[in-house]
There are 4 protein chains.
Amino acid sequence: MTATSPHQPASPDAATEPTPPGRPGRPRSEKARAAILAATTDLLLAHGLAAVSMDAVAERAGVSKATIYRWWPSKELLALDALYEETTASQPRRPDTGTLRGDLLALLQPWGRLVTGRPYGRLIAALVTQAQTDPAFGQQYRARFVEPRRDEARAVLRRAIERGEIPAGTRTEVALDLLYGPLYHRLLHGHQPLTDKFARQVVDYVLAGIERQ
Amino acid sequence: MTATSPHQPASPDAATEPTPPGRPGRPRSEKARAAILAATTDLLLAHGLAAVSMDAVAERAGVSKATIYRWWPSKELLALDALYEETTASQPRRPDTGTLRGDLLALLQPWGRLVTGRPYGRLIAALVTQAQTDPAFGQQYRARFVEPRRDEARAVLRRAIERGEIPAGTRTEVALDLLYGPLYHRLLHGHQPLTDKFARQVVDYVLAGIERQ
Amino acid sequence: MTATSPHQPASPDAATEPTPPGRPGRPRSEKARAAILAATTDLLLAHGLAAVSMDAVAERAGVSKATIYRWWPSKELLALDALYEETTASQPRRPDTGTLRGDLLALLQPWGRLVTGRPYGRLIAALVTQAQTDPAFGQQYRARFVEPRRDEARAVLRRAIERGEIPAGTRTEVALDLLYGPLYHRLLHGHQPLTDKFARQVVDYVLAGIERQ
Amino acid sequence: MTATSPHQPASPDAATEPTPPGRPGRPRSEKARAAILAATTDLLLAHGLAAVSMDAVAERAGVSKATIYRWWPSKELLALDALYEETTASQPRRPDTGTLRGDLLALLQPWGRLVTGRPYGRLIAALVTQAQTDPAFGQQYRARFVEPRRDEARAVLRRAIERGEIPAGTRTEVALDLLYGPLYHRLLHGHQPLTDKFARQVVDYVLAGIERQ
DNA sequence: CGGTAATCGAGACGGTACGTCATGTCTTACA
DNA sequence: TGTAAGACATGACGTACCGTCTCGATTACCG
């Protein structure tokens, strides 16, 4: 489900281009699309997902509720799109510092800074909550926000194996959870701060674990 | 905030005894208290926190809404109490298997089985979400569900240090996040299953990391 | 369905007293009831039934929509009650002028003045329209606004028969339609004005018809 | 306003010919016109005017909403045209039975059968309602559905005067209301059935009244 | 025969109102 | 004082029409 495909006609995973040309009917208003996403982002970062009501978004965006429902079936998926558009200015990175340690730090530390820099923790928690109840949503959420990070880190680990830096038998999937799990844990539970130093300690723990196995 | 103290009169952290004796007026109905918590637990496990409305709890418990609000200021704190009462049949354990590895497995694996055995993941996500917005609630949540587990694991690590099984300089706080973080990660994000085997792999990774540092 | 009985619990034709005493729960707000009916009457006479939206009534009455729906299932029945309360200050009359002609004029002419004095024609048309679609509503409407007038006129005709003023075999039901039908016709279709003079001409026509049959 | 003239360019009372020839541009689609009226008639007789939404008509007729609005400014005028086309298969009649009573019965009884044979009462009520609010519409409605009947009956009465069957001073306008008023009354209010017998009784009452005056 | 101009289909859009639901507060009568 | 019952203001929900609009495609005429 993306922002640029009506959800009733069920064009699953339609292209993201703003308006497929040469189609009958009035084309979609790019202005409205942008206003809706901007209004959603504002409300999201200011007061959390609970404050995002379709009425509030419609009013703030100067748009009718029907227009929102035409393109997004729920406020959760709307929030997903808004957050995605907001955060994916930062393109997927391909760090290559020459060492595994450098690469992992280049992944984890900027991510930590991003999610602690603005109240994203609140949003991620809300999205995770929704994902528990709505499996389709959960799949969307993971595909956009979780898997890309895991893919990056997995690639980094594989390159280290190819370089002979770590053993070929390394359990990479578990390592991924050991890398991101503690960061999410601190982000969501807040029992301790999520800092660059903490990310470095996590990386060092995991590297030590890898080398000893 | 506990179930047995009216929240308006602000008797912070009042004792949990059912009814302070020798007070004027009609005593609190223990029957109502139990019915409310039972109804909440039922709704919670059946359909998640979103399905817990004060109206629904009142109707199912055969109780008036005012009575619920008399003792719990929000459905979230009500859910917290209900969940606590439900899960704390399982007492805090003091595992002592003789080895650090055995102790950690005795902590993590039963916990993993508990939270995956029933739809607790959904509840934990919802409570974490609420904790992001409401700091007082967050403190309650952590004090009841997060810190006790960390305390147990911290004690286990300390005993291992005293036994000389691991170095005295071990960064125990980080280790705690490396132990529980990955489990929470899989529980909440669901990208991979949370199994006994996974818990064991996590423990082994962390132990290896500890020994190398 | 009356204004003073909740429509869900289905207490058909409950008493009209504002609040049955000695019942548990918060009593109905008489203030809200009056404000709702007043707001409805205002909107009704100013712009017709089409302008009566539940939202508009709620706002104007300073009342929540839920409160309106608790007592009236539709805006049509609300309008019915409002109009009834508005017009039934004028009690059912028992004219007795000594002659049939005088009695009939005493019924028809004031009625004609009432319905032409304010824009009631519009309302009656709207209620009649609703009555066509909703039989239950139609029965309510007739019982409140049509039958009482027919009852009055029927009584007048019967007394004239008892006095020997008109034949015992007079077809009174048809006569009632001949008396009120033309007045409704002019009120609703507006092809000619509904005046006192017209009412008098109708009465004279019908009296002449009665005597010749 | 007729179906065959665009209402914006304001060609008041334009001819009904399908397409004025010798004009630039694509000619009006007769197919669309017929489909729109047919769809409207279907909806009208099946569920009443309230069920006639522009969206519904457009979908059922396989036509775009813009095309409807191009030719009819409101669903009420659309319904008027549809109803007119539907009912004016029955041409204006010129009854001549030789007697006034026969002529009047020849007018009233078929009309009664027509309007009770299908749910026209509902439509007439709805149109009358609209006529109360929109004077221009009211004029259209009367010109098409009310005045023609009155014209017929008026002609019948005048011929009776010329034949010397009734007095020259007969108040014909009032008589017209006495003839049609009761029938409309029963049609719209439904308190008693509108039958041939009732029409006959009305005619007899009025004839008796005429002769006595 | 190409240009002009009116239609038509499709459908997106800003609005308004619908009827329902949950929240948290309140008012009463009873225990 | 505590409780059951239940009325209330508030505000969001998701849907349905309204009347307007912007497209591209079609179909006549007129030069």
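Remember, predicted model here, so these are calculated numbers, not experimental data. Basis for what follows: all heavy atoms, side chains included, without hydrogens, waters or symmetry-related copies. Proteins get letters first, then strands, A, B, ... in listed order; numbering begins at 1 in each.
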Length of the [atom1]-[atom2] vector between [X] and [N], whole Å:
X	N	atom1	atom2	result
D:Glu76	F:dC17	CD	P	15 Å
A:Leu49	F:dA12	CG	C1'	14 Å
D:Trp72	F:dC18	CH2	P	15 Å
C:Arg70	F:dA5	CZ	P	15 Å
B:His47	E:dA22	NE2	P	13 Å
D:Glu30	E:dC8	CD	P	11 Å
A:Ile68	E:dA12	CD1	C1'	14 Å
D:Lys31	E:dT7	NZ	P	18 Å

### Task
Kindly indicate whether the side chain of D:Arg28 and the base of E:dT7 share any N or O donor-acceptor pair separated by less than 3.5 Å?
no
### Base of E:dA6 paired with side chain of D:Arg26 (donor-acceptor, under 3.5 Å)
no
### Task
Would you indicate whether the side-chain heavy atoms of D:Leu49 and D:Arg122 approach each other to under 4.5 Å?
no
### Message
Please determine whether a side-chain nitrogen or oxygen atom of B:Trp71 lies at a distance below 4.0 Å from atom OP1 or OP2 of F:dT3.
### Response
yes
### Query
Atom CD of C:Gln130 and atom CG of C:Leu80: how far apart are they, to the nearest 0.5 Å?
10.0 Å
### Summary
In this structure, CH2 of B:Trp72 is separated from CZ of B:Arg33 (nearest 0.5 Å) by 6.5 Å
### Message
Tell me which residues in residues 51-67 of chain B lie within less than 4.0 Å of DNA chain F, going by non-hydrogen atoms.
### Response
B:Gly62, B:Val63, B:Ser64, B:Thr67
### Message
Short of 4.0 Å, heavy atom to strand atom, which residues of residues 128-137 of chain B count as contacting DNA chain F?
### Response
none
### Task
Work out which heavy atom in D:Ala58 is nearest to a heavy atom in D:Ser64; give both atom names and the distance.
CB-C, 4.2 Å
### Query
Which pair of heavy atoms, one from C:Leu44 and one from C:Ala79, lies closest together, and at what distance?
CD2-CB, 3.8 Å
### Task
Could you say whether C:Ser74 or B:Lys75 is positioned toward the 5' end of DNA chain E, judged by the nucleotide with the nearest heavy atom to each?
C:Ser74
### Task
Mind running side-chain contact (heavy atoms from CB on, under 4.5 Å) on B:Leu45 and B:Leu123 for me, showing each step along the way?
CA-CA 8 Å; B:Leu45 291 180; B:Leu123 300 188; 4.0 Å; yes
For [Y], does its backbone N or O pair with a side-chain atom of [X] as donor and acceptor, under 3.5 Å?
X	Y	answer
B:Thr40	B:Ala82	no
D:Thr41	D:Leu37	yes
C:Lys75	C:Ser53	no
D:Thr129	C:Ala125	yes

### Task
Test the C:Arg28-C:Trp71 pair against the cation-pi criterion, namely NZ or CZ under 6.0 angstrom from the six-membered ring centroid and within 45° of the ring axis.
yes
#### Entry: side-chain contact (heavy atoms from CB on, under 4.5 Å) assessment of C:Glu76 paired with C:Asp134
CA-CA 10 Å; C:Glu76 285 79 16; C:Asp134 178 348; over 6 Å; no
## Note on the structure
In DNA chain E, consecutive runs of at least three Watson-Crick or G-U pairs below 3.5 Å, as range with range, amount to E:1-31 with F:1-31
